[in-house]
**Q** 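What follows is a structure written as structure tokens; I'll ask about it next.
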There are 2 protein chains.
Amino acid sequence: MTRQSGPARRTPLNRDRVLRAAVALADRSGNEGFSMRSLAHELSVVPMALYKHVANKEQLLDGMVDVIVGEIGPPVGDADWKSAIRHRILSARRVLLRHPWASRVIESRTSPTPGVLDYLNSIIGVFRAGGLSADLTHHAMHALGGRVWGFTQELFPAPPVPAPADAHPQAPAAMLGEMATRYPHIVEIVLARQHDSGSVVGQGCDDQFEFEFALDLLLDGFERLHRQGWTSAERC
Amino acid sequence: MTRQSGPARRTPLNRDRVLRAAVALADRSGNEGFSMRSLAHELSVVPMALYKHVANKEQLLDGMVDVIVGEIGPPVGDADWKSAIRHRILSARRVLLRHPWASRVIESRTSPTPGVLDYLNSIIGVFRAGGLSADLTHHAMHALGGRVWGFTQELFPAPPVPAPADAHPQAPAAMLGEMATRYPHIVEIVLARQHDSGSVVGQGCDDQFEFEFALDLLLDGFERLHRQGWTSAERC
DNA sequence: ACCTGAACACCGTTCAAGT
DNA sequence: ACCTGAACACCGTTCAAGT
């Protein structure tokens, strides 16, 4: 009846099966119950078997993030950029609500993964297509911060320099070229920032600018609503 | 010469010394290098000695958060609420920049500590003194999210129901009374929300409202700047 | 090529015991 | 009252070995 008569020899593991099982386990047991060892147990395998498919736990978490980023719907073809961005972000929020462990894991990532870069690139593309300057788009992305993900968190914890998927590392110039073809909108707004400020010095200054930019947008918004006598009368 | 001639018997531990040493150690070695065991080693003491002064690691982290919240300056007596709030938040940001481990620890707290509640209460007080309604202030606090802390993070991960400092738990009504005298502004805006929505149902609905409120404030702000031809010409 | 077993260097926390 | 020592139930990850 069965094709194999020995002990329960499952279909051999591969990276995809590991990642999907990891997401399912995290969905069920949360971040506390999730470990390399519990995932291995889930797959009826010894912990070390996982290390043939992911380099370590960090890379496993990166892969899990990319799995759920893939669940975010593609950009809708809305007429105006504002509602297009709005729908995209609310779609990301729905994904995050389905995977409550994910926001914390995304926060803890130290450098962005390809799926994350694709997603950011596409959002930036909507802003640019709507006519916003690279400069304004740059600050808008920072101001949105983690809201782009469906939760609230600082964007770009580290400069977006992902390790190339290729075997041996490339020269910086070649890497930038590859980035520019794969994530043109990201490269554009990053370069726009460096062009504006003239050099790479003043990273702390830039951070401070982004923080105050978002803070003042919100405070100005509160003031405007206050003067208009705004209330949240009926919601939802 | 010394008052004690035996082996290096330090001044006995107490909660304050433990907390201050913990903050210093986290400042030096970051979140990864910080553990109950490394802290004990730092204090020349066996790990279990710490458990006479803090119940567990979570409570230790709570205490560390309160230590650095205490470093945030008091409210400045600015004329208008907007610059008063602005200065307070930028002061919190400076504290967080001095303690890079703190944002992650604050994010991971499961319920707010007294020092945190004092801080939030005082910010809300500034909004209210400026004439903003309890309703608008409530949504403003959510929209600011972790920016109130000097970083970007969702506020109120859990409803603000701290364990009473007293020995035996109190009835809910009495606890609310105590909250109301200690954190009057917090209680006011929490009650304002419940009054508006009529009941406690629809928590998810409320979360969705807060998320869209902040998102739309930002998107409207971007649109306004775009129409004005805003650029970040000279910064800092 | 893929998986295993034993081991290492860590965690937070318990319990019973020391002074 | 305050601290200790040994132990428990966990981690992520290494290495050398199995099939």
Side-chain angles (χ1 to χ4, degrees), chain A residues 3-23 25-26 28-65 101 104-105 108-111 167, chain B residues 3-23 25-26 28-65 101 104-105 107-111 163 167:
Chain A
R3 307 204 184 152
Q4 298 214 272
S5 49
R9 259 241 160 279
R10 316 303 208 88
T11 67
L13 281 185
N14 57 44
R15 191 160 195 280
D16 222 70
R17 242 165 61 75
V18 169
L19 292 184
R20 292 217 316 281
V23 168
L25 177 58
R28 281 206 318 282
S29 50
N31 259 321
E32 323 72 64
F34 182 83
S35 68
M36 296 297 277
R37 290 172 119 105
S38 62
L39 174 58
H41 180 80
E42 191 71 12
L43 289 162
S44 308
V45 112
V46 92
M48 275 316 297
L50 301 175
Y51 285 81
K52 290 290 151 185
H53 304 102
V54 294
N56 50 39
K57 191 181 184 181
E58 290 301 294
Q59 206 185 86
L60 171 67
L61 294 174
D62 282 346
M64 292 165 69
V65 168
W101 50 271
R104 197 165 295 266
V105 171
S108 74
R109 293 312 76 208
T110 181
S111 69
Chain B
R3 304 201 189 158
Q4 298 215 271
S5 52
R9 259 241 156 279
R10 319 302 210 87
T11 67
L13 282 185
N14 57 44
R15 192 160 194 279
D16 223 68
R17 243 165 61 75
V18 169
L19 293 184
R20 292 216 316 280
V23 168
L25 177 59
R28 281 206 319 283
S29 49
N31 259 321
E32 323 71 64
F34 181 83
S35 67
M36 296 297 275
R37 291 171 117 106
S38 62
L39 174 58
H41 180 80
E42 191 71 11
L43 289 163
S44 308
V45 114
V46 95
M48 275 317 297
L50 301 175
Y51 286 81
K52 289 290 149 184
H53 304 101
V54 293
N56 50 39
K57 191 181 185 182
E58 290 301 295
Q59 206 186 84
L60 171 67
L61 294 174
D62 282 347
M64 292 165 68
V65 168
W101 51 271
R104 197 166 293 268
V105 171
E107 288 170 39
S108 74
R109 294 310 77 210
T110 181
S111 70

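Because the structure is predicted, anything quoted here is derived from the model rather than measured. Residue numbers begin at 1 in each chain, while the letters A, B, ... track the order of the sequences.
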**Q** How many Å lie between NE2 on A:His41 and P on C:dT4, as a whole number?
**A** 13 Å
**Q** Do you know which two heavy atoms are closest between B:Val105 and B:Ser108, and how far apart they sit?
**A** O-OG, 2.8 Å
**Q** CZ of B:Arg37 versus P of D:dC11: gap in Å, rounded?
**A** 15 Å
**Q** Is there a side-chain contact between A:Leu60 and A:Met36, using heavy atoms and a 4.5 Å cut-off?
**A** yes
**Q** What's the shortest heavy-atom distance between B:Leu43 and B:Ala21, and which atoms?
**A** CD2-CB, 3.7 Å
**Q** Does any residue of residues 48-58 of chain A have a heavy atom under 4.0 Å from DNA chain D, and if so, which ones, in number order?
**A** A:Met48, A:Tyr51, A:Asn56, A:Lys57
**Q** Heavy atoms only: give me the nearest A:Met64-A:Ala26 pair and the separation to one decimal.
**A** CE-CB, 3.9 Å
**Q** Between CG of B:Leu61 and CH2 of B:Trp101, what distance do you get to the nearest 0.5 Å?
**A** 8.0 Å
**Q** Could you tell me how far apart B:Phe34 (CZ) and C:dC10 (P) are, to the nearest whole angstrom?
**A** 17 Å
**Q** List the atom of A:Ser38, the atom of A:Leu25, and the distance in Å for their closest heavy-atom pair.
**A** OG-CD2, 3.7 Å
**Q** Any chance you could encode DNA chain D as dot-bracket? Rule is Watson-Crick or G-U wobble with both distances under 3.5 Å; [ ] for pairs crossing earlier ones, | for another strand.
**A** ||.|||||...|||||.||
**Q** Tell me whether A:Glu42 is salt-bridged to A:Arg37, with the criterion being a basic N under 4.0 Å from an acidic carboxylate O.
**A** no
**Q** In whole Å, I'd like the distance from the CZ atom of A:Arg17 to the C1' atom of C:dC3.
**A** 14 Å
**Q** For the pair A:Arg109 and A:Glu58, evaluate salt bridge (charged side-chain N to carboxylate O under 4.0 Å, His left out) and give the outcome as yes or no after the intermediate values.
**A** CA-CA 8 Å; A:Arg109 293 312 76 208; A:Glu58 290 301 294; 3.2 Å; yes
**Q** Counting heavy atoms from C-beta on, name the nucleotide in C:dG5, D:dT4, C:dG12 closest to the side chain of A:Val46.
**A** C:dG5
**Q** Please state how far atom CG in A:Leu39 lies from atom C1' in D:dC10, giving the value in whole angstrom units.
**A** 16 Å
